[in-house]
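I have placed the structure first, in the form of structure tokens, so that the comments after it can refer back to it.
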Number of protein chains: 2
Amino acid sequence: METMDKPLETLIVDSILDAIADQRLRAGTKLGEQALSDIFDCNRAHVRRALSMLTGWQVVDHLPNRGAYVATPTPQDARDVFQARRAIETTICRNAVRLADAQDLADLQAHLAAEDAARGQDNRPVAIRLSRGFHILLARIGRNPVLARYLDELTMRSSLIIGLYAQGHATLCAEDEHAGIVAAIAARDEGRALSLLDTHLRHIEAGIRFDDALPVTGALSAALRGR
Amino acid sequence: METMDKPLETLIVDSILDAIADQRLRAGTKLGEQALSDIFDCNRAHVRRALSMLTGWQVVDHLPNRGAYVATPTPQDARDVFQARRAIETTICRNAVRLADAQDLADLQAHLAAEDAARGQDNRPVAIRLSRGFHILLARIGRNPVLARYLDELTMRSSLIIGLYAQGHATLCAEDEHAGIVAAIAARDEGRALSLLDTHLRHIEAGIRFDDALPVTGALSAALRGR
DNA sequence: TTACCAGACATTGTTAACAATCTATAATCA
DNA sequence: TGATTATAGATTGTTAACAATGTCTGGTAA
């Protein structure tokens, strides 16, 4: 009889990761232990463990005696993250072209439709989540959990970077670029898929503007409660 | 006046990571909280934090109510890890070919000499460390800390895999293959460097034998004390 | 006004005691 | 003998109190 336990730390970590991915939690936000204990109605020790896990995800910086803060990527970090994404997503995409079955292709089409719908309704929060979700879905189809885990991390950091440096501009993946990649995968055209993906990632990176500064932010509980 | 603090958790984490990288700590070893507290002469809370960080490195599995264990990669994990290494080290190597300056090339030559010396003396522990160190050095020369960090993690997991599944066989990187890569980098021959690196990584992977089973192990304190 | 300092307040870090769970030993029964 | 179950010990999980550090306010003097 399985207990199907749901460790409390995992809930905290996932909530914060989701909030970062959705750009509800912005770079530089302080993650106070008391505040998080209140929000998740738990002991400070749990929060502490969760924060050290998030540090391992590289999306939280821990300053001794001063607390934990959502990481603030530098321009150099941004370049490195996007280069890493190109390296990893290239292999993921090659896997996807080879391994995608009928169900996977259907999932991709459904995802494109959902993205389209969200944009049609001007639903920005959902559009952000689906935009990231496309890359995550590709990683699942690639069937390499090691690479998928790294991509998870890199897309989190991408969210922080985009929220910091590309507020007005290319804040979302261009939808037609996603569609082109899906078409190439369905056609088993590896070369075209890889080329389109590389171009797509460079477009995202090109949308960031480092001269824009960072606005500080508050409202931790609102960012985490929301969904 | 800097305090140059050296957080205790960091010491514990680094010691265990080093022990794993050097194959002193083997897959499946139990990491008891009391045992580690004794070894590092510290509070159990520190050990607890260190273990949760190591979980983030994917080299420690945490079983609720049963403790922490050095991860035991499956054959599938092994395939995924090596594919990830090929993806990441390809980009790292491309960077290295472009960015290596005179000092970097000298460092590479010095490293090859050190590897040669260790082999000449049949100093297996040092040879293991240097074998991994070559790939880490390449990553430093590539100047992308994000990729370097992932390679750190992947080489750790490679150490566990090799210790588990390739005991007798290809337990070390072939030295001449490292030398060939260095020569290609020095000649700024990107194509040759990438090709040699890919072949090298496939050779390492080919050395693992999944039919061999895992021997359990003990001697935690000896593995960590040693150096 | 501005710079500096002292104190109160809030936050993080540390420790120990207690509770819950698991594991290994030994006794019981078929 | 072999399997099962109780019990004791060890290990992990949880909590609260206390200590150390950082931050902020208000006041003082140049």
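Keep in mind it's a predicted model, so treat the numbers as computed, not measured. Throughout, a chain's letter reflects where its sequence line sits, starting with A, and its residues are numbered from 1.
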L8(A) CG to dT12(D) P: how many Å, rounded? 20 Å
Contact nearer the 5' end of DNA chain D, comparing Y69(A) with A45(A): A45(A)
Rounded to whole angstrom units, what separation is found between the CG atom of N65(B) and the P atom of dA10(D)? 19 Å
Over how many whole Å does the gap from L63(B) atom CG to dT21(C) atom C1' extend? 14 Å
Exercise: do H200(A) and H178(A) side chains pair donor with acceptor under 3.5 Å: yes
Value in whole Å for how far the P atom of dT14(D) lies from CD of E33(A): 16 Å
Does R66(A) place a side-chain N or O at less than 4.0 Å from the phosphate oxygens OP1/OP2 of dT12(C)? no
Check whether any side-chain nitrogen or oxygen of K30(B) sits under 4.0 Å from OP1 or OP2 of dT23(C), and answer yes or no. no
What is the separation between atom CG on L51(B) and atom C1' on dT12(D), rounded to the nearest whole Å? 11 Å
Using atom CZ of R44(A) as one end and atom C1' of dT15(D) as the other, report the distance to the nearest whole Å. 11 Å
Whole angstroms only, please: what is the CD-C1' distance between Q34(B) and dG9(D)? 14 Å
Atom-pair distance (CZ on R49(A); P on dG13(D)), nearest Å: 7 Å
Mind checking whether R49(B) and R44(B) have side chains closer than 4.5 Å, heavy atoms only? no
Base, sugar-phosphate or nothing for N43(B)? Non-hydrogen atoms, less than 4.0 Å. base
For a quick test of reading the model, state the closest non-hydrogen atom pair linking R140(B) to D107(B) and the distance between them. NH2-OD2, 3.8 Å
State whether D61(A) and R66(A) are salt-bridged, where the test is any N-O pair (Lys NZ or Arg NE/NH1/NH2 against Asp/Glu carboxylate O) under 4.0 Å. no
